[in-house]
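Treat the numbers as computed from the prediction; the structure is a model and nothing was measured.
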Amino acid sequence: MYLLVMKQLLTMFIIGLCGFIFAKAFKVNEDQRKFLSKLLLYFINPSVILNSFNKDFDASKLKQLLFVAGMALIVHLIMILIGFFTSKDQIERLGIAFTNCGFIGIPLIRGVFGDQGVFFLMGYLVIFNLLVWTYGYHQLSGTSNIKKIVTNPNIIAVVLGILLYCMPFTLPQFIATPLSMISELNTAVSMIVIGVLIASFNPAEGKTYIWKITKFSVLRLIVCGFVCTFVLFGIYKFFGNFPDIKMLIFVVLICVLCPVATTIPGLACVFDKNATYASLIVSITSLLCMVTLPLLVAFAELIIK
């Protein structure tokens, strides 16, 4: 499996490199970066979610989806605790807790497990969105905003998707076809966005944060990775007879091993926090996960058999 992960990461890296070159050549500015991020986060990602649920109902798969959501809740709580006890910086706490499970997780899991894997990933995304707009929002603003949760296009897409999945029919072809075509944009656009984001990286600014970023990257990519791998191994041993348990475990694990969520710099901008540092940790961890992600997947394959 780690070879499939490496192959998919290489494909995504090439697309990201093209995005990087494009951003450098055409001097993509902050507003343009935000537009691309919003296009991906609020239009393409919800389309991927709806498309993933456009299937004939299967009660066993719904049970598996809920199982993934349960595992996602456990690993998120663990990462929140790791962030809480290892850093006083609010940006770092959120960066440790929330990964790029949408921009990078969706295309990566699709490349490894196909559309079935993306369907189960929705269980992780539900928990991610609920926590990032409650715990994450509260960390930076000091308040909670229920409206931000219920009006988030990804949450709306999940609710509509589950309703669609439970219906005795699928979407008509004239709706399903454009929805599928929009969904296919996810891998390319997500990696172009990452490339554009990395292109905005300022080496001079990075030097002032070098020790801080190093410590943070170890926590996000390695410590959280190993801790959650062993937790998921325990779940695997306890629920060993659960249908497709190994695939479900690795869907969650790949999400955990992803770099920092690109949602974090956006929230930092909104609440006048250190958006520069938030962007730096997204950029650096996006590059480093090219090495750490397949290595930790390979390690997990050794113990989860």
Side-chain angles (χ1 to χ4, degrees), residues 1-2 4-13 15-16 37 40-41 45 48-49 68 71-76 78-80 82-83 92-113 117-118 120-129 131-132 136 154 186-187 189-195 197-198 213 216-229 231-232 248-266 278-300:
M1 190 184 304
Y2 80 93
L4 285 174
V5 170
M6 288 182 68
K7 182 180 177 182
Q8 183 64 18
L9 277 172
L10 179 60
T11 301
M12 293 162 65
F13 172 77
I15 299 171
S37 296
L40 182 60
L41 187 61
N45 271 7
V48 172
I49 293 170
V68 169
M71 288 192 290
L73 180 60
I74 291 170
V75 295
H76 270 103
I78 289 169
M79 292 188 293
I80 286 172
I82 290 174
E92 289 190 344
R93 286 182 176 182
L94 298 190
I96 289 169
F98 300 113
T99 69
N100 210 345
C101 53
F103 287 13
I104 290 182
I106 290 175
L108 190 54
I109 287 170
R110 173 176 277 157
V112 178
F113 296 114
V118 176
F120 294 128
L121 169 62
M122 296 306 114
Y124 192 99
L125 283 176
V126 170
I127 301 301
F128 168 86
N129 279 293
L131 290 176
V132 83
N154 293 280
N186 179 264
T187 301
V189 176
S190 62
M191 292 317 300
I192 288 169
V193 169
I194 294 296
L197 184 64
I198 292 173
I213 291 174
F216 171 83
S217 298
V218 170
L219 285 170
R220 162 87 294 280
L221 297 174
I222 299 176
V223 174
C224 285
F226 274 111
V227 171
C228 290
T229 296
V231 169
L232 291 170
L248 303 181
I249 290 286
F250 275 95
V251 164
V252 174
L253 180 62
I254 287 172
C255 288
V256 168
L257 300 178
C258 284
V260 176
T262 48
T263 311
I264 308 304
S279 296
L280 283 173
I281 60 175
V282 170
S283 301
I284 297 300
T285 54
S286 294
L287 289 171
L288 293 177
C289 85
M290 294 285 296
V291 176
T292 59
L293 204 158
L295 286 178
L296 284 167
V297 168
F299 170 73

Margin query: Which residue is it: Leu125, Thr187, Val118, Leu40? I am looking for the one with a side-chain contact (heavy atoms from CB on, under 4.5 Å) to Val48.
Written below: Val118
Check: Thr263 and Phe128: side-chain contact (heavy atoms from CB on, under 4.5 Å), yes or no, with the steps?
Finding: CA-CA 11 Å; Thr263 311; Phe128 168 86; 4.1 Å; yes
Note to self: Could you tell me if the side chain of Ile284 sits less than 4.5 Å from the side chain of Ser217, heavy atoms only?
What the structure shows: yes
Item checked: Gln8 side chain to Ile109 backbone, donor-acceptor under 3.5 Å -> no
Next item on the list: Kindly compute the distance separating CG (Leu295) from CE (Met290), expressed to the nearest 0.5 Å.
Entry: 11.5 Å
Notebook entry, point to check: Is it the case that more than 12 heavy atoms not belonging to Met6 sit under 6.0 Å from its CE atom?
Noted result: no
Next item on the list: Might you point out which heavy atoms bring Pro107 and Asn186 nearest each other, and give the distance in Å?
Entry: CD-OD1, 3.2 Å
Margin query: Show the nearest heavy-atom pair for residues Cys228 and Met79, with the distance to one decimal.
Written below: SG-CG, 4.0 Å
Check: Between CG of Leu219 and CD1 of Ile82, what distance do you get to the nearest 0.5 Å?
Finding: 8.0 Å
Margin query: With a 4.5 Å cut-off on side-chain heavy atoms, are Val256 and Leu296 touching?
Written below: no
Item checked: Test item: Leu257 and Cys289 side chains (from C-beta on) under 4.5 Å apart, heavy atoms -> no
Notebook entry, point to check: Looking only at heavy atoms, what is the nearest atom pair of Ile15 and Met191, with distance?
Noted result: CG2-CB, 3.8 Å
Next item on the list: Taking all non-hydrogen atoms of both residues into account, name the closest pair between Val193 and Ser37 and its distance.
Entry: CG1-OG, 3.8 Å
Next item on the list: Taking the side chain as every heavy atom from C-beta outward, state whether Leu248 and Val252 have any pair of such atoms under 4.5 Å apart.
Entry: no
Notebook entry, point to check: Considering all heavy atoms of both residues, which atom of Leu9 and which atom of Pro294 are nearest to each other, and what is their separation?
Noted result: CD1-CD, 3.6 Å
Notebook entry, point to check: Hey, what do you get for CD1 (Ile127) to CZ (Phe98), rounding to the nearest 0.5 Å?
Noted result: 11.0 Å
Check: Taking the side chain from Arg93 and the backbone from Gly136, do they hold a donor-acceptor pair closer than 3.5 Å?
Finding: no
Checklist line | Pairwise distance CD1(Ile96) to CG(Leu221) - rounded to 0.5 angstrom | finding: 10.5 Å
Item checked: Student check: side-chain heavy atoms of Val260 and Phe216 closer than 4.5 Å -> yes
Notebook entry, point to check: How far does CG of Asn154 sit from CG of Asn129, to the nearest 0.5 angstrom?
Noted result: 5.0 Å
Next item on the list: Quick one: do Met71 and Tyr124 satisfy side-chain contact (heavy atoms from CB on, under 4.5 Å)? Show the steps, please.
Entry: CA-CA 8 Å; Met71 288 192 290; Tyr124 192 99; over 6 Å; no
Check: What closest approach, in Å, do Pro259 and Ile104 show between heavy atoms, and which atom pair accounts for it?
Finding: CG-CD1, 3.4 Å
Checklist line | Separation between CZ of Phe113 and CZ of Phe120, rounded to the nearest 0.5 Å | finding: 10.5 Å
Note to self: Between Leu253 and Thr229, is there a side-chain heavy-atom distance shorter than 4.5 Å?
What the structure shows: yes
Margin query: Could you check whether any side-chain N or O of Thr99 sits under 3.5 Å from a backbone N or O of Cys255, counting only pairs where one atom can act as donor and the other as acceptor?
Written below: yes
Notebook entry, point to check: Below 4.5 Å, heavy atoms only, C-beta onward: do Thr285 and Asn100 meet side chain to side chain?
Noted result: no
